[in-house]
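Encoded as structure tokens, the structure appears first; notes follow it.
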Amino acid sequence: MIHTHTFDAIVVGGGGAGLMAALHLSRGGQVRAAVISKLYPPRSHTGAAQGGIGAALGNLEEDHPEWHAFDTVKGSDYLGDQDAIELMCRDAVEVVLELEHMGLPFSRTEDGRIAQRRFGGHSHNFGKGPVRRSCYAADRTGHMILQTLYQQCIKNRVTFFDEYQVMDVILSEGRAAGVVAYQIRTGDLHIFRAKAVLFATGGFGRMFEVTSNALAFTGDGPAIVYRRGIPLEDMEFFQFHPTGIAKLGILITEGVRGEGGVLVNGQGEEFMVRYAPTMKDLASRDVVSRAIYHEIQAGRGIDGKRYVHLDATRIGREAIETKLPDIADFCRTYLGIDPADHPIPVQPTAHYAMGGIPTDVDGRVVIDDKRTPIPGLYAAGECACVSVHGANRLGTNSLLDLVVFGRRAGIDMARFALEADLPPLPQDAAERVVEQIEWLRSANGDESAATIRREMQTLMMNNVGVFREAKGLAEAVEKLQELRERYRRIRVQDRSRAFNTELTETWELGALLDLALVTATCALNRTESRGAHYREDYPKRDDANWLKHTLAYGKPDGTIEIKYKPVVITRFQPQERVY
Amino acid sequence: MRYVFRIQRFNPETDKAPYYKEYEVELEPTDRVLDGLNQIKWNIDGTLTYRRSCAHGVCGSDAMRINGTNALACKVLVRDVGPKVTIEPILGLPVIRDLVVDMDPFFEQYRSISPFLINDEPPPHGRERLQSIEERERYDDTTKCILCAACTTSCPSFWANENYVGPAAIVNAHRFIFDSRDRGAARRLEVLNSRTGVWRCHTIYNCTVACPREIQVTKAIGEVKQAILYRQST
């Protein structure tokens, strides 16, 4: 049975970007909007963000949006679009105050203002030294943002469809016309017609073996639009956060280093000074992750093993308990240690997709180098690529991206939805999802999803991780194509309609496989090193040939066509990147 | 090491009543209970059904009864509950399938206490509302709630009366009642002073034990009770 609903605007995803958009859609009281999430919205991965949201409030020392913009551009290794970055850093101050006015419980300074701390890559006077810019609520900033936005959506009576998994976007006459969703609880399909559709589905770190990402981070939104011919931008850039708990990948916030924690190798040496003489442990994440791997490869891991230590003991017990309580809890729960007494074993963990669905600064999806929009189609948050993060995102700019561009998208969607009429519903709107579900309900081959997923994750970690070279990348592309073939011969045991999570997990694996292939293909294609994309066979940045965004288009025959889009440069000319 | 997982199963499409099924899995002692469930689902029995997402205790998806005590499956290590572990759905909410319960009634109770900042005074232009470190500390503990329902579904008063608003809703009311920026205490205290409000709490402390965020739930409920009494006496 297929149910049909009609709204003015649909938001897919109930994390920070989706809820911020929904909130602004609801503000005028005129737009009928709904949020569709495969989770209950407070389960979204925004809640796992720890250390803070960047804004040049200057509450503790001099700071300016221009300095923040410079740090972001430099952090992006000059691949970020500077018009969008300037706008984000300017909006940052206003939007953080808006969050506070909504009730967000920020930590406070002595004089009652929003507390701020140091974070990787954030500096004063265009790189002269660290600055306190990260606005935080202990080490639960993402949790507080998610809770506050959910609370405000309840206040504004936003309509939610919880535990509905969106599986396709409906395009009609060149416009967005709605989405098709699978109701997890019943197994029913739902068509949601709308004038405007926002994808805010988050990241896809689950394509890697060691990741800080939730199991739900399977790239549903990017995979859905990619399969409908919309390109994905800069997919070769995937950030590895330097400090995941060894083996588990659970995030240990950069705020630990912001509060004075230091990375130490197996010889007891504080090695970051050799890689980043000015910013040391607070250099940007790509730099620190590579440094850790260099130490490990040189045999200077702890006891020669594949991790180093993050020493938080020097922060002191009191500061840890008040400013980093969740980190202390994670260490006690998963490692059985107290970080006030013992160093934390850490290794880089797959953390954040810089690439995604290409958009302009109002969240509108743009599909080519001329930034041609698809009317009514929007994306925001990690699944989108504005691009404000370029080749490497600065810490605290993820939460900022969510709220700044979630808000801008919501405002523009409201405007659009009030002006536009409802596009006609194509006859075959649900056909593709009906076919996928019928296949998954009867799939009876000889392959297991778990095996394919594990092979993909190991392959991506080894060949498309922090260090890359042509041979390994070519092998990854070939093997991912094989895995996609094997995926067609998969077996699904569960034949039930009610809460069939084997079905949804298997569908999600299909999304991850598509995105992994795009990631590996784009990484093989880009023959330079920039930000998080490090090619051992091309170790230098090559501005003459590669100061441009990648756009990857999926072709009907299964191949990937790569095109490019120029980078917007306003005031910061590319320089050598030294921290 | 070998662990035995004894899991309550129920599929409304094929089963008349819940039953238990045992699975053997090979795990490291430091693995999470969730790792064991994933191993079963991925390698032995794809029909096993449970919610999960972040896998490190911050999203609140995987609250369940583990050896009779409510906890998050991703925050309990198997060495602390093994070698034989009994896993059941949380109590007091209708079971949809296996370990998945209907959370809608729980979220309805949460909504009933107006879980959002209430303050119609215009905020200061161009800066934040001020709040001292002490004022912020006053409600810090209850900001940690992740709405996992471990507390509410561990409460005998809730088992006895499903209309009881429950510890989680009171915790979230506390978070605003004691926030110096909020002006909605009267409205919330009225709800919580009703027949389905805080007076159903008999300080059994199950909620405090169950909370995976170590919120002092019973203490928070006590503070709300005091606030109601104080308001009535003035």
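Using a 4.5 Å cut-off between heavy atoms, A:Thr506 does not touch chain B at all. Only the side chain of B:Arg32 comes within less than 4.5 Å of a heavy atom in chain A; its backbone stays farther off. For B:Pro115, the parts lying near chain A are the backbone and the side chain together; criterion is any non-hydrogen pair under 4.5 Å. When heavy atoms are compared at a cutoff of 4.5 Å, B:Leu147 approaches chain A by way of both its backbone and its side chain. In this structure, chain A has a heavy atom under 4.5 Å from the side chain of B:Asn43, while its backbone stays farther away. Of the two parts of B:Arg129, the backbone and the side chain both hold a non-hydrogen atom closer than 4.5 Å to a non-hydrogen atom of chain A. Heavy atoms of B:Lys41 lying under 4.5 Å from chain A belong exclusively to its side chain.
Side-chain contact, B:Ser114 with A:Lys155: no donor N or O sits under 3.5 Å from an acceptor N or O. A donor atom on one side chain and an acceptor atom on the other are found under 3.5 Å apart for B:Glu128 and A:Asn59.
With hydrogens and angles disregarded, a donor-acceptor distance shorter than 3.5 Å links the side chain of B:Glu13 to the backbone of A:Arg497. No donor-acceptor pair closer than 3.5 Å links the side chain of A:Arg113 to the backbone N or O of B:Gln131. A donor-acceptor contact shorter than 3.5 Å is absent between the side chain of B:Arg136 and the backbone of A:Arg108. In this structure a side-chain-to-backbone donor-acceptor pair under 3.5 Å is present from A:His143 to B:Thr143.
Between A:Asp326 and B:Lys144 there is no salt bridge, since none of the side-chain N atoms of the basic residue sits less than 4.0 Å from a carboxylate O of the acidic one. Between B:Asp62 and A:Arg43, none of the side-chain N atoms (NZ, or NE/NH1/NH2) sits under 4.0 Å from a carboxylate O, so this pair counts as no salt bridge.
The shortest non-hydrogen separation linking B:Tyr50 to A:Thr501 is O-CG2, 4.3 Å.
If you tally non-hydrogen atom pairs under 4.5 Å between each of B:Ser61, B:Cys148, B:Ser132 and chain A, the highest count goes to B:Ser61. Listed options B:Arg175, B:Arg111, B:Arg51, B:Glu214 were ranked by heavy-atom pairs under 4.5 angstrom with chain A; first place goes to B:Arg51. For the options B:Val58, B:Asp98, B:Thr49, heavy-atom pairs under 4.5 Å to chain A are most numerous at B:Thr49. Among B:Asn172, B:Ile146, B:Thr30, the residue making the largest number of heavy-atom pairs under 4.5 Å with chain A is B:Ile146.
Note that CE of B:Met103 and CD of A:Glu163 are 8.5 Å apart. Values are rounded to the nearest 0.5 Å. In this structure, OG1 on A:Thr322 lies 8.5 Å from CD on B:Glu137, to the nearest 0.5 angstrom. A distance of 11.5 Å separates CG of A:Leu251 from SG of B:Cys54, quoted to the nearest 0.5 Å. Going from atom CG of B:Asp104 over to atom CG of A:Asp162 covers 7.0 Å, rounded to the nearest 0.5 Å. Rounded to the nearest 0.5 angstrom, B:Phe116 CZ and A:Cys153 SG are separated by 12.0 Å. The distance from atom CD of A:Glu100 to atom CG of B:Leu130, rounded to the nearest 0.5 Å, is 8.5 Å.
Side-chain atoms of B:Ser53 and A:Lys38, non-hydrogen and from C-beta on, never get closer than 4.5 Å to each other. Taking 4.5 Å as the limit, some side-chain heavy atom of A:Ser496 sits within range of a side-chain heavy atom of B:Arg97.
Atom CD of B:Glu162 is surrounded by 12 or fewer heavy atoms from other residues, nucleotides or ligands within 6.0 Å.
Ring orientation note: the planes of B:Tyr110 and A:Tyr150 are close to parallel, at an angle under 30° on the 30°/60° scale.
Here the two rings, on A:Tyr334 and B:His56, have centers that are 6.0 Å apart or farther.
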